[in-house]
Amino acid sequence: MNAFVWKLGIRFFAARKGRTFFSILGISLGILLVTAVQIVFTSLNQSYDAMQRQKYGNYDVLAYFQTDGQGLTNQELDQLKDIQGVEALQPILYPYQNRLPRYFSDSLYDVGLTDSYLSRQLKNYDIAQGRFPLPHEVALSPGIMSRHHLHIGSAIQLSFPHRGLVNLTVSGELSSDSQKNFGIAVYDYAWLQKITGIKQATGIVMKLRPNLSENRRSLALNTFTNTLYRWAHRMGRTITIYTKGQLGALGNATNYIAAFLPLLKGLSVTSIVASIYIVISTLQISLQERRKEYALLRLLGVNGRQLTGLVLIESLLYSVLSTLAGLALGIGLSLVIKTISVQMFHVQMIDLIISWQPLGWIALSGIAVMSAAGLIPARQVRCLSPIEAYRSAEPSDDQEDDLVSAIVAPSLILLSLLLVVLTHILRFHPVLYVVGGLGFVVGVYVWIPSLLQGSAWLSSKFLRHLFGSQILMASRNIVRHRSKSALCVGALMLTILIANAGILLLHAAEAAETAVVSSNFPHDITLNSLGGFSPALATQVGRLKGIDYEEFTTGAFAQVINAPRKNSGINFYSAIRSLQGTDLQTDKRIDHFRVVAGNIDSRRLAHNGVVLTASAANVLGFKVGDNVSFKNPLTGRTTNLQVAGIIKGTTIPFGAPFLYTSPAVMARDFSVRDLQNIQINVTTGNTGEVLQTLRGLLRNPQYQNVELINKLNEKQKAQEAVLLFGIVLGITILTITVIAAIVLMNHTASAVRMRFRELATLRAIGMTKGRLIRLILAEGMMISTLGGLAGTVAGGALAYLALMAVGHPSGVWLLIPTLCGSVLLSPLLGLLASWSAAAWAARQEIIGVLSDQ
Amino acid sequence: MAAVLLADKITHVYPSEPGRHILRDVSMQVEQGEFAVIVGRSGSGKSTLLQVLGTMEPLQAGALWLCGTEVTQLKDDGLARFRLQNLGFVFQSFHLIDSLTAVENVRLPMELARLPRRNALTRASELLDLVGLSQRSRAFPSQLSGGEQQRVAIARALANRPAMILADEPTGNLDREAADVVLGVFEDLHKHQQVTIVLVTHDTAICDRADTVWRMEDGVLSLARSIARQ
Ligand SMILES: Nc1ncnc2c1ncn2[C@@H]1O[C@H](COP(=O)(O)OP(=O)(O)O)[C@@H](O)[C@H]1O
Ligand SMILES: [Mg+2]
């Protein structure tokens, strides 16, 4: 590139400092938003992952077989390891899955682990002190250690079936949050295999590669679990699989927020599009203003390539400066968002994570795309004929695009509507709704030049009598510069579209999250512990005033062995803890189930009765009066209970229990006395006081493993997520509104500058300042009103169709106020954006412009 | 005979060059129906004078009566209304409104003056007829030649039956032939419509057709020739 061209390009860029500044600000807003979204959500995700890891360990799948002595061969382990996306896999040995050998007077759960990073992620077997056991060593739970006065280095004897007593050294102590009811003994995996003679792995822990895309992740996860289920099914083995998703399923605001991520990405892409808009419009304006200069350059022999270069230099300067500004401002904005979300919404977020690599990509691609956007005005400059230098009157726009707009756009709109109707009638894939919606939006956008002409024609026909010739001139100007006007209308359309679609989708997301919360947490308060807690807590809860509650024992360590219907569900019929004890007849009960067959008589249940949920009866194939045989896999003992009744409509969450008997039977036949959860509804009491009392009760170390889940809290967390998204959406809408306003300001400013001579003439022949201002405002308002209308129609349609695609077009009525709002607000926006240009034009002296030299 | 224009000792200095007097004690009088021409070399201050007379430049010193009104009494919008009702302008580079057709350009001042639509339409076509452009009334300025544009500008200047037309080098951007047509239009207006015209030019050929010729030299205006009218 010629040095002279560079110099000229930089001069042109710097010529109008005020507008250059605003343009850069406008362009930078797109980058700003993308940067902020990237930083905030990377940080949120990483915080979430870190929390998950801390709470549940850094693994993706934990699976173990419940069938005695059967597991995975080394060959099968290798096959699992080879599944795409699996990073690491470690075997686990639970040698006495179904027989709990008694050492001392405690139940001791033997576990063989490899000394690996992955095994150490299993928090139940986490070694807090000492070291990982070598052969002939063992690590024990702290409860066992203290009860038997053991410490690290102590020698003990433990008995193994077929082996008798074996001498061992205590190598370490497990962390205290392992299950309280069971003592755990961790051994070296290979050594335990040798000592027990079991060659197979009875459990596995697996971790996927980090940085997998969401799709690949779920594919890998599905392949992995399906393979396991298939093998288990084929061999008649029973397997329990935990995935990370299930582990972290309980309410977490961060978790809720993750659902919004795709939407936010869509918004950021849109704001980049808006930035590109500004680059183009700014350059077009400077081209219009320098039309004669460019034509003169052409006349003097500057060739087309040099002219293109000139425009591209300008666009390069714009994009580099705005990208840098956008990055800086984006980092600032994400700090603000972080502060807001942490301070006001208590979203858990560790420090902001600014990863420069994605930001670098954003910056580079931003600069590349935006500089390339300069090609559009550059093409126009190349097409400029040298004759332009001689012109005294402004020529009207060329009409090449009009045909496209008038014919292609309506056909596209009709086709899209047809697609939507067909999708609805013929039940095509719902994604076609979105395709139809996007087609509609593009159609409306392409249609804008025609719409401009149409509305100009209408206003010159009808509005002229009301508002006089200003309207005529304004609409003529809009038509004359319709490619530029269309740009403004498009920018506004984009704004209003995003606002409407965003608000509707926000509403839908909120409804969906509320539904999730109320189905997961049907009752006000839940006290829950998978390990179980003493029934004394229930007695204490029972003393609270103003509440209803129900309690459930932990599940019986027993398996249904005589179900008439076999293999009807993989994880269900063989579930080992599907029988719980609860008093179905107390008047304190909050669970509004119906008895659909038999009865739930307490005395009968206390004798040997069992009640099934309708779905359990269905899956297992039992009827009222049938005998259900439960086998305790540890003792081998069988217990028979008779089906007394079948109930329907229980609201008990957390899946597991499907068969209920009385607490008395649980204690007598299954030795289960601990409770697994207490469900509480506050009736006449004060929720705050109840919660406070409960928290006080839970301070007792005996209940340290009891989790208190407050439904209101969960609801609030979900709402906070929605709110946080609302904030980001609000900022986005605001940003894009400002961008649109800047596009419009640029447009009116250039229109005023370009027609300055004309405006001065109007003043000379006697137009008052007021009318002059109104003329300019009318132009801005016509453009913004049309943009508002187009955006409203397109945004409403797109949002509605997006909701159709996900199956619930709810809350459409909500669109009415936002649509009305946008229709009313868009002229106002036009007014504001063109105000400064109008005021500036009115302030100018007439003469400087009209004198001819 | 009433004086349409009466200027008394007008002095003008551009704020950007405070020391330099562009107009020095200019006094001038134009009667109803008079065709006055101001000649002078380029840079002598003719346009400045016309702009002051046309109330586009504020009056700094001296007095100016237009149609019996002291213009210093009027403020900004008042001046705009005054110009709309009483003055017509013709510029060297035409200054038509590019987005309006020829006939709409002519109608514009009438619409601004809120003349009934029907009357405005009739008058606009009459005026275009008068300047010989009734065939081109629907053309946009970019579709007209320079001479045609200037004739539309003259029709526009006449729209509200102004007391006086101020024309600043109306032929300056035109070739001889087009210039002659435009001057013919001015002469016709003067002869047949009794329109008062103040025309600035450096082209002395026009002087023969004028009633009065003023000469401008370095901001000093002097009467060069006057044909006594009865
Ligand atoms: N806006 C202005 N500011 C400063 N000086 C001006 C301005 N307009 C004109 N002049 C100066 O005033 C003098 C008279 O200009 P003008 O009235 O345009 O002369 P003419 O029309 O006779 O050619 C010129 O020397 C010109 O440089
Ligand atoms: Mg001049």
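Values below: every heavy atom of this structure, side chains too, minus hydrogens, waters and symmetry copies. The chains referred to below are lettered A, B, ... by the order of the sequence lines, with proteins before strands, and numbering in each begins at 1.
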So, does B:Arg83 use its side chain to make a donor-acceptor pair with the main chain of A:Ile765 at under 3.5 Å?
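Between the backbone of A:Ile765 and the side chain of B:Arg83 there is no qualifying donor-acceptor contact (under 3.5 Å).
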Identify, with sequence neighbours excluded, every residue that meets ring-ring contact (aromatic ring centres under 6.0 Å, His included) alongside A:Trp840.
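Per chain and number, A:Trp840 pairs via ring-ring contact (aromatic ring centres under 6.0 Å, His included) with A:Phe756.
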Can you confirm whether more than 12 heavy atoms, excluding those of [X], are under 6.0 Å from its [atom1] atom?
X: B:Arg215; atom1: CZ; value: no
X: B:Gln60; atom1: CD; value: yes
X: B:Asp175; atom1: CG; value: yes

Sort B:Phe140 into side chain, backbone, both or neither according to what part of it lies under 4.5 angstrom from a heavy atom of chain A.
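The side chain, not the backbone.
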Under 4.5 Å between any side-chain heavy atoms of A:Thr761 and B:Phe91, yes or no?
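Yes, at least one pair of side-chain atoms sits under 4.5 Å.
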Euclidean distance, B:Arg81 CZ relative to A:Met767 CE, rounded to 0.5 Å
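Answer for the CE-CZ pair, A:Met767 versus B:Arg81, is 12.5 Å.
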Nearest 0.5 Å, what's the CZ-CG distance between A:Arg763 and B:Leu84?
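The distance works out to 12.0 Å.
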